[in-house]
Amino acid sequence: MKLLKNIFRDLLALLFPNLCCGCDTHLYKGEDQICTHCLYRLPYTDYHLFPENKAAKQLWGRVHCNAVMSLLYFKKGYRTQNLIHHLKYRGGKDLGTKLGHMIAEKLMQAPVYSGIDLIVPVPLHPRRERLRGYNQSQCIAEGIGAVLNVPVSRNGLVRTGITKSQTKKGRYDRFKNMQSVFAVQDSALFKNLHILLVDDVMTTGATLEACCITLQTCSPAKISIATVAYTE
Ligand SMILES: [Zn+2]
């Protein structure tokens with residue numbers, strides 16, 4: 001039933017591209033990807049204003065980060081789930097850019113995120129990126145970069161290993177699975193920089209942790225993290 005519902009939604013989006021990615025209603029002129037109604041009602045975390053937020057605490061003792069924020073809470077059946085589904089499976093490149101703009105506006109309110117030198121999207125496995133046609137984290141990163149006027153790394157951080165589906169694994173297995181999955185092309189690229197690492201959803205934090213561990217071998221000045229959604 002759920003699958004049918006998703007197929008129906010995807011079909012609707014194909015036939016009527018001017019629908020809100022959060023609630024599937026028609027967008028009015030001037031609205032971009034997300035309707036005004038949704039923009040007001042999205043479950044914002046305001047984590048950018050609270051350094052000791054749940055997403056940051058999730059990484060405590062695992063990797064050292066300057067600051068961690070997520071734009072929205074992720075809950076099944078809510079608008080955020082529609083946004084993430086759209087971002088990943090309906091070719092939501094423009095939505096990625098829009099969400100990037102929204103994240104950037106939050107980052108500008110918090111001094112801890114000032115002085116970002118380079119934005120690094122979490123890479124997808126090349127095969128998955130070919131299938132999807134884009135990396136949604138890259139789209140989000142481009143959106144952030146456009147507002148903050150900061151360059152976005154393309155292929156500076158790469159995904160090397162083959163990761164099997166993680167959905168049925170426990171936290172430790174996920175972490176082990178993530179080790180050696182990422183690599184850098186040129187370690188001089190990140191040296192002494194304030195890096196903003198960007199992903200779509202943070203759940204266990206295993207992917208972000210593995211990326212941070214790899215990036216930290218290049219001696220960056222600091223690493224901050226921003227994601228669209230956080231799963232509690
Ligand atoms: Zn809406």
Side-chain angles (χ1 to χ4, degrees), residues 1-50 53-55 68-110 113 119 121-122 124 128-129 131-148 152 167 196 198-203 207-208 225-232:
M1 193 60 205
K2 193 181 157 213
L3 184 72
L4 265 176
K5 201 174 155 195
N6 277 342
I7 291 171
F8 180 68
R9 277 167 176 274
D10 292 347
L11 212 68
L12 261 181
L14 265 176
L15 293 171
F16 306 103
N18 272 344
L19 295 180
C20 168
C21 301
C23 69
D24 294 321
T25 58
H26 273 281
L27 290 173
Y28 288 100
K29 209 177 167 188
E31 289 177 336
D32 175 27
Q33 309 298 320
I34 305 173
C35 75
T36 312
H37 185 82
C38 279
L39 278 179
Y40 276 105
R41 283 164 185 78
L42 282 170
Y44 297 102
T45 65
D46 282 333
Y47 279 177
H48 59 294
L49 301 174
F50 302 99
N53 62 62
K54 283 187 182 172
V68 184
M69 69 81 79
S70 294
L71 181 68
L72 306 167
Y73 289 111
F74 182 93
K75 276 185 193 156
K76 282 197 173 149
Y78 285 80
R79 287 182 175 91
T80 314
Q81 190 184 18
N82 292 345
L83 293 179
I84 298 298
H85 179 80
H86 194 107
L87 191 61
K88 283 188 174 176
Y89 305 111
R90 292 193 205 160
K93 280 192 205 171
D94 294 337
L95 175 62
T97 310
K98 165 83 180 172
L99 290 165
H101 292 170
M102 289 164 69
I103 290 174
E105 273 162 28
K106 302 287 183 195
L107 298 181
M108 287 192 293
Q109 298 168 13
Y113 292 97
I119 304 173
V122 169
L124 271 184
R128 191 172 291 177
E129 186 166 343
L131 278 174
R132 193 170 291 171
Y134 62 100
N135 171 5
Q136 70 276 9
S137 299
Q138 182 86 34
C139 303
I140 301 160
E142 302 279 358
I144 299 173
V147 174
L148 299 186
V152 177
T167 47
L196 180 72
V198 172
D199 205 0
D200 51 1
V201 184
M202 177 173 176
T203 306
T207 308
L208 292 163
I225 291 176
T227 73
V228 170
Y230 175 72
T231 311
E232 281 187 290

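Just follow the structure's listing: the first ligand is 1, and inside any ligand the first atom is 1.
No donor-acceptor pair closer than 3.5 Å links the side chain of Asn18 to the backbone N or O of Lys29.
Look at His37 and the Zn ion (ligand 1): no N/O/S atom of the residue is under 2.8 Å from the metal. With a cut-off of 2.8 Å, the Zn ion (ligand 1) has an N, O or S atom of Cys35 in range.
Counted by atom type alone, Asp200 and Ser137 present zero donor-acceptor pairs between their side chains at under 3.5 Å. Side-chain contact check for Gln109 and Glu105: no donor-acceptor pair (N or O, by modelled atom type) lies under 3.5 Å.
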- Task: Please lay out, stage by stage, how Thr97 and Glu142 fare under the test side chain to side chain donor-acceptor pair (under 3.5 Å).
- Result: CA-CA 6 Å; Thr97 310; Glu142 302 279 358; over 6 Å; no
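The Zn ion (ligand 1) is the vertex of the angle joining SG of Cys38 and SG of Cys20, which measures 110° to the nearest 10°.
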